[in-house]
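Report on one structure; see the data block that follows.
Counting starts at 1 for both ligands and their atoms, following the listed order.
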Amino acid sequence: MAFLDLSHLEKAFGAMRVVKDFNLGIDKGEFVSFLGPSGCGKTTVLRMVAGFERPDSGAITVDGRDITGLKPNQRSIGMVFQAYALFPNLTVAENVGFGLKVAGVAKAEAGERVAEMLALIGLPDLGARYPFQLSGGQQQRVALARALAPRPQVLLLDEPLSALDAKIRVSLRTEIREIQQRLGITTIFVTHDQEEALSISDRIVVMNGGIAEQTGRPLEIYNRPRTRFVANFVGTLSMLEGVLQDPATGRVSLAEGEVTLGRPIERPAGAAITLALRPEALHLGGGRGDIVLPARVTEVHFLGSVIRIRVETGGTSLSLDTFNRPETPPPPLGSQTEVSIAASDVIVL
Ligand code: ADP
Ligand code: MG
């Protein structure tokens, strides 16, 4: 059994089923992100793990111990919330030491642990400050230290970065990952930001309507999405609609002609097929892949290191990325060109 095991969790509020047959095993020391749109049940699953919400059915175990019916303080779980939930009338050191005091840890030991935690989050000298004297990023680091101080078995982070500025969000997520790895603590990190989830997770659970749609390593989720929802939610995607002609060779007819993927598609001949393409799978110009389609340039967006171009082919709009290179400027708007695609880059949905 996994270190943290969520088995057949169900939760309804009134008639609304918010979490549906949710199953997940997390290894010791693993960092798993829940990724999904607002309202898909991420917080509710987290609150059930923390003990703030009772599942209607299902079980939660940590290291083989069934904690489903235990109160939050009987579980060894630390939690960090989105909004700064520090006690405003306590100093930073008192905030970090709060859980230790509640647990009856002796004063001297608690003092040492607080100092250790403040060093861990890189704020060794701010123990005497009050929360209002800290930046948002510093407050969230203190919240992390407070959650970690009692040395919980599991750390839960509910969108801890979403209230912060973009730059701090990126640096703090790396810091959270480093601290998590240094401590080897089993962690669930909730986010609706795909880049955040892709960049720091061992595994991602993509959630949709209370269901875990797909669970996998970041590259798996991105490169081999199993459903249309996952494909669309994680990353940018263009879709070519077609009809499967030959399942054995993966021959598909599109509005702009026939293409062959050279691998079997396990669907009957005549089935409607969607060929999904990441922006980096499309190359401007012919001869750079197995599939070549005529295309007209309709939009050019300079984004810095990347130029995102939209082209139109057979009535379908495709999005493609090229790196900015001063010696090869982007094609002019309205120009007629071709796009090439490697068959192995095509995602079949
Ligand atoms: P997420 O964290 O993914 O945004 P939540 O788990 O907070 O989603 O909420 C999932 C759904 O459950 C939402 O529709 C929300 O309105 C509803 N919900 C959450 N908590 C309660 C509650 N205590 N009472 C009634 N409905 C709730
Ligand atoms: Mg939430």
*Glu299-His301 side chain donor-acceptor pair, cut-off 3.5 Å*: yes

Among all protein heavy atoms, pick out the one at the shortest distance from [atom]; state its residue, atom name and that distance to 0.1 Å.
atom	value
atom 12 (O) of ligand 1	Val18 CG2, 3.2 Å
atom 4 (O) of ligand 1	Gly39 N, 2.6 Å
atom 8 (O) of ligand 1	Gly41 N, 3.2 Å
atom 23 (N) of ligand 1	Phe13 CE2, 3.5 Å

*Heavy atoms of the protein only: does one fall short of 4.0 Å from atom 15 (C) of ligand 1?*
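No, no protein heavy atom sits under 4.0 Å from atom 15 (C) of ligand 1.
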
*asked:* the Mg ion (ligand 2) and Thr43: any N/O/S contact shorter than 2.8 Å?
replied: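 For Thr43, the answer is yes, given that an N, O or S atom comes within less than 2.8 Å of the Mg ion (ligand 2).
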
*So, do Val306 and Asn324 sit near enough that their side-chain heavy atoms are less than 4.5 Å apart?*
no

*Check each of Thr44, Val19, Val45 against atom 6 (O) of ligand 1 and report the one with the nearest heavy atom.*
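That would be Thr44.
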
_salt bridge (charged side-chain N to carboxylate O under 4.0 Å, His left out) partner of Arg173, the single match among Glu159, Glu195, Glu196_ =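 When salt bridge (charged side-chain N to carboxylate O under 4.0 Å, His left out) is applied between Arg173 and each of Glu159, Glu195, Glu196, only Glu195 qualifies.
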
*Tell me whether the guanidinium CZ or amine NZ of Arg203 lies under 6.0 angstrom from the six-membered ring centre of Phe31 and within 45° of its axis.*
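Cation-pi check for Arg203 and Phe31: fails.
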
*asked:* I'd like to know whether the aromatic ring centres of Phe34 and Phe189 sit less than 6.0 Å apart in this structure.
replied: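 So the answer is no for these two rings.
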
*Check Leu349, Ile341, Ile347, Leu261 against Leu275 for a side-chain contact (heavy atoms from CB on, under 4.5 Å) and give me the one that passes.*
Leu261

*Between Thr43 and ligand 1, which part of the residue brings a heavy atom under 4.0 Å of the ligand: side chain, backbone, both or neither?*
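It is both backbone and side chain that touch ligand 1.
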
_Structural part of Met207 in contact with ligand 1, heavy atom criterion under 4.0 angstrom_ =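 Neither part.
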
_Assigning hydrophobic clusters by single linkage (Ile, Leu, Val, Met, Phe, Trp, Tyr; side-chain heavy-atom cutoff under 4.5 Å), is Leu126 placed with Val114?_
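Yes.
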
_List ligand 1 atoms under 4.0 Å from Met16, heavy atoms only on the residue side._
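The list of qualifying atoms is 14 (O), 17 (C).
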
